[in-house]
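Bear in mind the structure is a predicted one, so any value in this text is a computation, not a measurement.
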Amino acid sequence: ISVIEAVYIAMYKIKVKFDDESEKVIDFQPFLSKSNHPSISKYMDLNLFQNFKIVDGNLNWNDYDLIFPIWDLYNGKI
């Protein structure tokens, strides 16, 4: 499974499309807001959060500074 498309929706939600044509809207806010680690909590800044790319079939922020297991994204549970 890999990510083929990702579209910012609103706030901390991204619609992710996978190579099997399934789609999930993932809300990253619960994960980000619970983290006390500065390298993760800094993505509560929407400007940073919105600056993601698809790299090697996965969502990637700032050259692997923030990345999630593909299976977690596919299941919509991060």
Side-chain angles (χ1 to χ4, degrees):
I1 298 293
S2 61
V3 175
I4 59 171
E5 186 178 337
V7 178
Y8 176 76
I9 302 293
M11 294 302 293
Y12 300 94
K13 294 181 181 178
I14 298 174
K15 182 169 77 171
V16 180
K17 184 175 182 179
F18 299 92
D19 60 358
D20 68 353
E21 299 299 318
S22 65
E23 295 181 348
K24 302 268 192 226
V25 173
I26 303 168
D27 185 359
F28 291 84
Q29 185 170 8
F31 173 81
L32 295 172
S33 64
K34 287 179 188 174
S35 178
N36 292 323
H37 197 285
S39 68
I40 294 173
S41 61
K42 72 182 179 183
Y43 287 96
M44 289 298 295
D45 177 335
L46 283 173
N47 289 322
L48 286 176
F49 179 75
Q50 292 176 33
N51 193 21
F52 59 87
K53 296 178 183 175
I54 298 171
V55 177
D56 296 327
N58 204 341
L59 285 180
N60 182 332
W61 284 262
N62 195 26
D63 195 27
Y64 298 96
D65 188 41
L66 182 65
I67 192 166
F68 297 89
I70 191 73
W71 193 247
D72 291 352
L73 295 176
Y74 187 76
N75 287 318
K77 297 178 183 179
I78 55 166

Please determine whether side-chain contact (heavy atoms from CB on, under 4.5 Å) holds for the pair Val3 and Phe18, giving the CA-CA distance in whole Å, both sets of side-chain angles, and the decisive distance to 0.1 Å. CA-CA 4 Å; Val3 175; Phe18 299 92; 3.9 Å; yes

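- Side chain of Ser33 to main chain of Gln29: a donor-acceptor pair is present (N/O by atom type, distance under 3.5 Å, no hydrogens or angles).
- For the atom pair CG of Asn62 and NZ of Lys53, the computed distance is 9.0 Å after rounding to the nearest 0.5 Å.
- Under the 4.5 Å side-chain heavy-atom criterion for grouping Ile, Leu, Val, Met, Phe, Trp and Tyr, Phe49 is not connected to Val25 through any hydrophobic cluster.
- The cluster map of Ile, Leu, Val, Met, Phe, Trp and Tyr, joined by side-chain heavy atoms under 4.5 Å apart, puts Ile78 and Tyr64 in different clusters.
- Side-chain atoms of Val55 and Ile67, non-hydrogen and from C-beta on, never get closer than 4.5 Å to each other.
- Side chain of Tyr8 to main chain of Met11: a donor-acceptor pair is present (N/O by atom type, distance under 3.5 Å, no hydrogens or angles).
- One distance of note links CG of Asp27 with NZ of Lys13; it measures 5.0 Å at 0.5 Å rounding.
- The number of heavy-atom neighbours closer than 6.0 Å to CG of Asp56, taken from other residues, nucleotides and ligands shown, is 12 or below.
- Transitive grouping of hydrophobic side chains (ILVMFWY, heavy atoms separated by less than 4.5 Å) keeps Ile4 and Ile54 in distinct clusters.
- Note: Leu73 CG to Ile1 CD1 = 11.5 Å, rounded to the nearest 0.5 Å.
- Hydrophobic clustering (ILVMFWY, side-chain heavy atoms < 4.5 Å, transitive): Trp71 and Leu66 are in one cluster.
- Here NZ of Lys34 is found 13.0 Å from CD1 of Ile40. Values are rounded to the nearest 0.5 Å.
- In the hydrophobic clustering of this structure, Val7 does not group with Val16; members are Ile, Leu, Val, Met, Phe, Trp, Tyr whose side-chain heavy atoms approach within less than 4.5 Å, directly or through other members.
- Put simply, the side chain of Asp20 reaches to within 4.5 Å of the side chain of Tyr74, judged on heavy atoms.
- Residues Ser41 and Ser35 approach most closely at CB-O, 3.6 Å, considering heavy atoms.
- Heavy atoms only, all atoms of each residue included: Ala6 and Ile14 are closest at CB-CG2, 4.0 Å.
- Between Tyr43 and Phe28, the gap from one ring centroid to the other reaches at least 6.0 Å.
- Residues Tyr12 and Phe31 fail the side-chain proximity criterion, which asks for heavy atoms closer than 4.5 Å.
- Rounded to the nearest 0.5 angstrom, Gln50 CD and Asp45 CG are separated by 9.0 Å.
- There is a side-chain donor-acceptor pair under 3.5 Å between His37 and Ser39.
- With rounding to the nearest 0.5 Å, the separation of CG in Asn51 from CG in Asp65 is 11.0 Å.
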